[in-house]
Asks: 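Take a look at this one; I'll ask things after.
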Amino acid sequence: MEYALDERIGKPELFTGRKEELSYFLKWINDVKEKKSQSTALLARRKMGKTAIIERLFNITFYKNDGIIPFYYEFKEKKMWVVDFCQEFFLTFIFQYIAFKTRKTEYLMPEYSGNFNKAAQIAKSEGLDYLCGIIENVAVAMTHDNLDILWEIVRNAPQTIAFRQKEFIVQMIDEFQFLNAMIYWDKEKKHLADDLAGGYLSTAEKKIAPLLVSGSWVGWLMDILIMTLPARFIYYILGNMPADEAVEMVYKYSQFFEIPVTEETAYLIAEMAEGSPFYISSIFRSLYKQKDLATPAGLTETLEFETLNNQGIIKATWMEYVQKAFSKVNDRNAKQIVLHLFKQKGRELTRTEIKEQLKLEMSDKELELKLEALVKGDIIDQGQTHFDFRCVHDNIFDKVFRGVYQKEIEHFEVSEIKKEYSRKLDSLEARYRELRGKYNYHMGYFAEYLILEKLRMQAREKNDFFKSITRYLPADFNFCFYSRVWRYDSSPEYSRRYNVDIFARAQNPGDYSIIGEVKNRDRRKFSREEVEAFEIKFQEIKKNEKLDRVVGFIFSRGGFTQEAEKYCREKSIACSKNEKWLE
Ligand SMILES: Nc1ncnc2c1ncn2[C@@H]1O[C@H](COP(=O)(O)OP(=O)(O)O)[C@@H](O)[C@H]1O
Ligand SMILES: [Mg+2]
């Protein structure tokens with residue numbers, strides 16, 4: 001797939017998992033054609049991977065070129081005059097539209113991003129004359145006094161064009177809450193336009209151009225949606241990644257940044273990060289000088305650095321967020337309340353309990369406003385009812401916060417945090433050993449990644465050895481250099497979904513590529529039916545990837561049934577159950 005929009009994640013391969021979310025939203029986008037999709041808000045605290053998902057959705061939709069035109073706009077946390085904003089919003093849309101219709105991705109980064117005349121000229125020269133009317137209309141509205149009308153035309157532009165051209169557009173608007181907080185009616189930026197979002201009351205209902213909005217200030221965004229856009233949006237809450245995706249991400253980042261991990265530390269990183277893509281990426285990108293992610297002790301030190309050191313990416317990110325939230329309620333009591341809730345982890349407290357336990361001297365109303373503001377800033381969570389509150393569930397945020405503030409409020413030794421990390425890692429190590437014990441494994445809990453590692457690093461050098469522990473390889477087979485060694489997920493743009501554990505593409509077309517399946521956490525023998533199912537995927541990948549010389553390979557720790565074995569021999573599908581592949 002070609003990635004039209006340059007994704008902020010960096011190399012597109014780094015994008016991991018989010019299978020459930022991608023398939024949900026790809027279906028949602030597809031359903032726009034049936035006018036079935038309702039505007040949706042993707043909610044999660046900052047750095048949870050919202051933008052990563054939205055940019056990927058944009059690229060897939062752009063690439064599919066299947067009657068739905070993607071539009072992506074991100075609000076920055078920057079004050080803007082409404083006229084400048086409308087111009088930017090509108091021309092971003094127009095150029096993305098032109099890029100899609102002409103298939104020329106250079107228009108996603110137009111040279112003349114702020115120029116109406118140029119935009120109209122380009123539209124004309126590309127045979128999209130029908131855009132000229134609306135471009136002119138907006139240019140004229142910009143010079144008028146009535147800026148309400150300007151915003152209305154601009155806001156409705158995607159829908160207007162979709163309607164007139166009988167097309168469908170998805171409008172993906174990132175950090176939507178800033179629409180009501182960063183745009184000013186006047187050039188001097190004194191009069192905040194605090195209800196531009198309200199304009200979406202009818203726009204968001206239009207099924208030919210529904211919105212997918214997202215925001216990192218969840219409480220704040222929800223507030224806007226509930227108060228000014230009631231019942232216009234479905235809420236989709238983005239959580240952490242499931243364990244298998246988190247582990248995959250750890251191995252991928254390890255490979256990409258060339259920072260080795262062991263099976264045990266891979267497990268520990270995924271668990272410590274609680275599946276947060278931001279924590280995993282920060283652990284690998286950490287500036288800690290003695291970073292060693294191949295031992296639990298090294299991992300503990302890296303986590304400590306990230307949590308307590310001002311150069312820690314995690315600490316810096318959270319503190320920026322917390323300070324912004326506190327600037328609205330800044331005082332000692334707010335910090336005390338947050339710390340108190342962290343101490344009562346797992347419990348919800350009522351407003352009255354908080355007031356009594358902390359002996360706060362303020363009115364109920366005052367406390368209510370403070371608690372509300374903290375909820376809006378995602379610093380604490382609302383409990384079951386409007387009167388209950390609890391701490392956010394995030395064991396790293398909790399430590400960053402305490403590391404910064406607890407000292408200031410009560411007598412507290414930061415070394416306590418180090419001990420907590422050690423204790424937590426100890427208990428995770430014990431769990432990891434228990435898991436392996438359950439399967440009687442000495443190693444190879446994540447067998448698929450170990451085999452990938454072997455193919456990447458060792459198989460070519462120890463060609464004879466690895467051949468000797470693998471049956472039914474073609475006579476002229478040799479392990480070789482591979483240009484890509486990873487799992488294979490049929491790209492989400494294809495409607496039929498399947499994946500295999502191994503796809504190693506030979507660098508030199510004369511050598512054999514490998515498509516393989518690994519069966520590990522199951523003691524059953526690999527059956528003939530399973531081989532046949534594998535063969536179908538094998539043929540499909542072979543075709544999609546235009547491979548000529550390629551072998552199928554099945555690693556099954558539990559071995560193979562007799563029929564499976566016979567079938568593999570006949571079909572020349574390589575087999576192994578030898579644990580030397582995992583050492
Ligand atoms: N699916 C993913 N695969 C790999 N890395 C991810 C993924 N999602 C997020 N990340 C990492 O987390 C960081 C934050 O993600 P981002 O999409 O910017 O979060 P948000 O928009 O929610 O604030 C990214 O820069 C990237 O390093
Ligand atoms: Mg984002």
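Throughout, residue positions are numbered sequentially from 1 according to the sequence presented. Counting starts at 1 for both ligands and their atoms, following the listed order.
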Asks: Does the ring of Y321 carry R45 above it, NZ/CZ under 6.0 angstrom from centre and within 45° of its axis?
Replies: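 No - R45 does not lie over the ring of Y321 by the 6.0 Å and 45° rule.
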Asks: Nearest protein heavy-atom contact for atom 24 (C) of ligand 1: which residue, which atom, what distance?
Replies: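 Protein heavy atom at minimum distance: I9 CG1, 4.9 Å.
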Asks: Which of parallel (below 30°), tilted (30 to 60°) and perpendicular (above 60°) describes Y405 and F326?
Replies: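 Ring orientation, 0 to 90° scale: tilted.
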Asks: For atom 20 (P) of ligand 1, find the nearest protein heavy atom and state the residue, atom name and distance (0.1 Å precision).
Replies: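 Its nearest protein heavy-atom neighbour is K47 N, 3.4 Å.
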Asks: Count up the protein N, O or S atoms sitting under 2.8 Å from the Mg ion (ligand 2), would you?
Replies: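 For the Mg ion (ligand 2), the figure is 1.
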Asks: Quick one: look up the protein heavy atom nearest atom 7 (C) of ligand 1 and list residue, atom name and how far away it is.
Replies: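 Protein heavy atom at minimum distance: P277 CB, 3.8 Å.
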Asks: Could R56 and Y3 be counted as a cation-pi pair, given that NZ or CZ must be under 6.0 Å from the ring centre and within 45° of the axis?
Replies: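 No.
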Asks: Between Y200 and F176, is the gap from one ring center to the other below 6.0 Å?
Replies: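 Yes, ring centres under 6.0 Å apart.
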Asks: Give, for atom CD1 of I502 and atom OG of S513, the distance between the pair rounded to the nearest 0.5 Å.
Replies: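 Between atom CD1 of I502 and atom OG of S513 there are 13.0 Å.
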Asks: Do L108 and D6 make a side-chain contact, defined as non-hydrogen atoms from C-beta onward lying under 4.5 Å apart?
Replies: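 Of all side-chain heavy-atom pairs linking D6 with L108, none is under 4.5 Å.
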Asks: Do Y235 and F233 have ring centres separated by under 6.0 Å?
Replies: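 No: the rings miss the under 6.0 Å criterion.
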Asks: Determine, considering heavy atoms only, which of Y253, F278, Y279 sits nearest to atom 26 (C) of ligand 1.
Replies: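 The nearest heavy atom belongs to Y253.
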Asks: T16 heavy atoms, cut-off 4.0 Å: which ligand 1 atoms fall inside?
Replies: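 Taking each heavy atom of T16 in turn, ligand 1 has 1 (N), 2 (C), 3 (N), 4 (C) under 4.0 Å.
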Asks: Tell me if the aromatic rings of F75 and F178 count as close, with their centers under 6.0 Å from one another.
Replies: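 No - the distance between ring centres of F75 and F178 does not fall below the 6.0 Å cut-off.
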Asks: What pairs of donor and acceptor atoms, side-chain ones from residues 237-250 against any protein atom, are under 3.5 angstrom apart with sequence neighbours left out?
Replies:
{"unit_1": "N240", "atom_1": "ND2", "unit_2": "E274", "atom_2": "O", "d": "2.8"}
{"unit_1": "E245", "atom_1": "OE1", "unit_2": "R18", "atom_2": "N", "d": "2.7"}
{"unit_1": "E245", "atom_1": "OE2", "unit_2": "R18", "atom_2": "N", "d": "3.4"}
{"unit_1": "E245", "atom_1": "OE2", "unit_2": "K19", "atom_2": "N", "d": "3.2"}
{"unit_1": "E248", "atom_1": "OE2", "unit_2": "W486", "atom_2": "NE1", "d": "3.4"}

Asks: Please check whether K50 reaches ligand 1 - meaning an N/O of the residue sits under 3.5 Å from an N/O of the ligand, judged on distance alone.
Replies: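 For ligand 1, there is an N or O atom that lies under 3.5 Å from one belonging to K50.
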Asks: Establish, yes or no, whether the cationic atom of K399 lies under 6.0 Å from the six-membered ring centre of Y421 and within 45° of the ring axis.
Replies: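 Ring-cation test returns yes.
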Asks: For E245 and ligand 1, answer yes if some heavy atom of the residue is under 4.0 Å from a ligand atom, otherwise no.
Replies: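 For ligand 1, residue contact (heavy atoms, under 4.0 Å) with E245 is absent.
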Asks: Would you mind listing which atoms of ligand 1 come within a distance below 4.0 Å of any non-hydrogen atom of G49?
Replies: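 Per the distance check, 8 (N), 9 (C), 15 (O), 16 (P), 17 (O), 19 (O), 20 (P), 22 (O).
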Asks: Please verify the inter-ring angle class for F85 with W151; under 30° counts as parallel, over 60° as perpendicular, anything in between as tilted.
Replies: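 Ring orientation of F85 relative to W151: tilted.
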Asks: What residue and atom, counting heavy atoms only, is the protein's closest point to atom 18 (O) of ligand 1, and at what distance?
Replies: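 Its nearest protein heavy-atom neighbour is T51 CB, 4.1 Å.
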Asks: Can you sort out which atoms of ligand 1 are near R46, meaning under 4.0 Å from one of its heavy atoms?
Replies: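 Near R46, meaning under 4.0 Å from one of its heavy atoms, ligand 1 has 23 (O).
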Asks: If you round to the nearest 0.5 Å, how far is CG of L212 from CZ of F58?
Replies: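 The CZ atom of F58 sits 13.0 Å away from the CG atom of L212.
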Asks: Can you confirm whether K454 sits close enough to R456 that some side-chain heavy atom of one is under 4.5 Å from a side-chain heavy atom of the other?
Replies: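 Of all side-chain heavy-atom pairs linking R456 with K454, none is under 4.5 Å.
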Asks: Need the ligand 1 atom indices (1-based, order shown) with element for anything under 4.0 Å from a heavy-atom of M241.
Replies: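 Selected atoms, number and element: 1 (N), 2 (C).
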Asks: Could any protein non-hydrogen atom be found less than 4.0 Å from atom 4 (C) of ligand 1?
Replies: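 Within 4.0 Å of atom 4 (C) of ligand 1, protein heavy atoms are found.
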Asks: Where does R285 meet ligand 1, judged by heavy-atom distances below 4.0 Å: at the side chain, the backbone, both, or neither?
Replies: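 Side chain only; the backbone of R285 stays clear of ligand 1.
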Asks: Looking only at heavy atoms, is any part of A52 under 4.0 Å from ligand 1, and if so is it the side chain, the backbone, or both, or is it neither?
Replies: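 Answer for A52: both.
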Asks: Of the backbone atoms (N, CA, C, O) and the side-chain heavy atoms from C-beta on, which set of M249 has a member under 4.0 Å from an atom of ligand 1: side chain, backbone, both, or neither?
Replies: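 Under 4.0 Å from ligand 1, M249 contributes side-chain atoms alone.
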Asks: Check the angle between the aromatic planes of F538 and F534 and answer parallel, tilted or perpendicular using the 30° and 60° thresholds.
Replies: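 The rings of F538 and F534 sit tilted, inter-plane angle from 30° to 60°.
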Asks: Under 4.0 Å from a heavy atom of M48: give me the atoms of ligand 1 that qualify, with their elements.
Replies: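 With M48 as reference, the close atoms of ligand 1 come out as 19 (O), 20 (P), 22 (O).
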Asks: So if I count the atoms of ligand 1 from 1 in the order they appear, which ones are less than 4.0 Å from some heavy atom of S281?
Replies: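 This gives 27 (O) as the contact atoms.
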Asks: Which of the atoms of ligand 1 are close to R18, meaning less than 4.0 Å from one of its heavy atoms?
Replies: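 Ligand 1 atoms under the 4.0 Å threshold to R18: 1 (N).
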Asks: Please check if any side-chain donor atom of E545 sits under 3.5 Å from a side-chain acceptor atom of Y488, or the reverse.
Replies: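 Result is yes, a qualifying pair exists.
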